Number of protein chains: 2
Amino acid sequence: MLRIALFDDNKKFCDSFSVLLEGMEELKLNGIFPDCRDLEQKIRKCQPDVVLMDIEMPGVNGIEATREIRLKFPEVKVLIQTVFEDHDKIFHAICAGANGYLLKSTPPSKIIDAILDVSQGGSPMSPSVARKVLFLLQNYGDAGNKASTVDFKLTAREKEILAWLVSGLSYKLIAEKCGISYETVRTHMKNIYEKLHVASMTEAVAVALQNKLLP
Amino acid sequence: MLRIALFDDNKKFCDSFSVLLEGMEELKLNGIFPDCRDLEQKIRKCQPDVVLMDIEMPGVNGIEATREIRLKFPEVKVLIQTVFEDHDKIFHAICAGANGYLLKSTPPSKIIDAILDVSQGGSPMSPSVARKVLFLLQNYGDAGNKASTVDFKLTAREKEILAWLVSGLSYKLIAEKCGISYETVRTHMKNIYEKLHVASMTEAVAVALQNKLLP
DNA sequence: AAGGGTATCCCTAATTATGGGGATTGTTTC
DNA sequence: GAAACAATCCCCATAATTAGGGATACCCTT
């Protein structure tokens, strides 16, 4: 017999879900909560095997709650159930440790299937979610491995100065580190700005890090 | 009616698959190939809507073939069908552009379902593959957060200001963007500096990016 | 020998950031 | 209701960066 906890601020959905599980032998609804306040206590009290989690709730949102549950109770599975199907929500939910991701449009019988699936270590997803997950994996996987997207053709000296800049040194300190004058650093910086199409130290640092220009 | 092409060097599997599709109205097996030589010609000749692709084959492997098909014929869907379920194969297949990933243990009826699913833009996966896909996405997404386990506990406003800073804005412009005064921005920055243990904009930007503090 | 690129140095002036003090108004928490 | 925190605003003084304009010297290629 599986213990279920439901976090959802939509009373209608909670009611119909409650009716759905009524009389089921394998599943028991151990707790219904409209928000995630005192999350740890709630989980500790009803000891669920599977948590059904909405994303949009007052106070702490479902993604952060998922992260907390998965961290503090690794054996508890979290099944997201939401109306959102944008890449961002899906990505963050999965990074937070969600074990499955269903859309609210999922028919009741499929929800039951998904709960059983997730309790056995599976990862149920609505079809359009699955497609987006593959898309994300494809893109994030590539993005992480890609060394640098653009070649800004910085010289070795410029890269060196940029590296010192990223590590927080001022012009004056960079000059000392490199054994050159303050004015030379300034000239190099001007050239770096041109090559990176930026106009300030912060932008230069941002471009350098975002394009992985430094080793 | 969907046209199917099958790439698999296992004659037994090809035969039984051929029998499976015999007499089906919606699906037509337009080509069976034991390897990927002259891949482009083969695809051009049988014009499939869906390709069923094994991974282990003599010569070019199924993952490379998948990449080529998805590049040259973006409208053709590729459904991997293999005995391999290791993270590496799954990851590379998806990065190569696979639209779905089934294990060879999948029952025939599910294979048919998956073909129909993938042809309509879905992403069918065997359950254990789905679990691994989530695992992969989670790890690639976390990769950045893993670097520093430190939580700097910035407030929402502080994060917002930091985000503008990273995008290159000066205090004055940030003040305008946020609709607050220059002095308030300064106060926030002072607090950010303390929390990040830095003492300049460049360091703040560097710490923010290196620890992926921003969405 | 001329041109292109790199690295080095200099000036003035304006703009911007930093460090040190303050303060008030809310909200949340105990 | 006091304490803690977040967000807002202010002043003074100093330090640092940026935008213009210059310059010389060296190496390499054509």
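Keep in mind it's a predicted model, so treat the numbers as computed, not measured. Below, chains carry the letters A, B, ... as their sequence lines are ordered, and counting in each starts from 1. These numbers come from the heavy atoms of this one structure, side chains and all, not from hydrogens, waters or symmetry mates.
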Who passes side-chain contact (heavy atoms from CB on, under 4.5 Å) against A:E160, sequence neighbours left out?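 Applying side-chain contact (heavy atoms from CB on, under 4.5 Å) to A:E160 gives A:R157, A:W164, A:C178.
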If you take any heavy atom closer than 4.0 Å to DNA chain C, which residues from residues 168-175 of chain A end up in contact?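 The stretch gives none, as no residue of it lies under 4.0 Å from the strand.
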Atom-pair distance (CD1 on B:I180; P on C:dT25), nearest Å: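 Value for this atom pair: 19 Å.
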Find the distance B:M189:CE to C:dG20:P and express it as a whole number of Å.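 Atom-to-atom, B:M189 to C:dG20, this comes out as 16 Å.
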Run the salt bridge (Lys or Arg N to Asp or Glu O under 4.0 Å) test against A:E40 and tell me which residues pass, sequence neighbours left out.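 A:E40: salt bridge (Lys or Arg N to Asp or Glu O under 4.0 Å) contacts with A:R44, A:K72.
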Any residue meeting salt bridge (Lys or Arg N to Asp or Glu O under 4.0 Å) with B:E158, in chain and number order, not counting sequence neighbours: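 So B:E158 forms a salt bridge (Lys or Arg N to Asp or Glu O under 4.0 Å) with B:K195.
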Does the side chain of B:S128 come under 3.5 Å of the side chain of B:S126 through a donor N or O and an acceptor N or O?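 No, B:S126 and B:S128 have no side-chain donor paired with an acceptor closer than 3.5 Å.
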Is it the case that A:S181 and A:T184 place a side-chain donor and acceptor less than 3.5 Å from each other?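 There is such a pair between these side chains.
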Hey, are the side chains of B:L173 and B:E176 touching, using non-hydrogen atoms and a 4.5 Å cut-off?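 In contact.
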Taking protein heavy atoms under 4.0 Å as touching, what does nucleotides 19-30 of chain D look like 5' to 3' if B marks base contact, S marks sugar-phosphate-only contact and - marks none? BBB---------
Less than 4.0 angstrom from a charged side-chain N to a carboxylate O is my criterion; do A:D49 and A:K28 meet it?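 Salt bridge absent between A:D49 and A:K28.
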Between A:T184 and C:dT8, is there a contact of a side-chain N or O with OP1 or OP2 at under 4.0 Å?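 The answer is no; no side-chain N or O of A:T184 sits under 4.0 Å from OP1 or OP2.
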Which residue pairs satisfy the ring-ring contact (aromatic ring centres under 6.0 Å, His included) criterion with at least one member in residues 33-80 of chain B, sequence neighbours excluded?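 Qualifying pairs, neighbours excluded: B:F7-B:F33.
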Using a 4.0 Å heavy-atom cut-off, does B:M201 contact any base of the nucleic acid, only the sugar-phosphate backbone, or nothing at all?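 Answer is sugar-phosphate: B:M201 comes under 4.0 Å of backbone atoms only.
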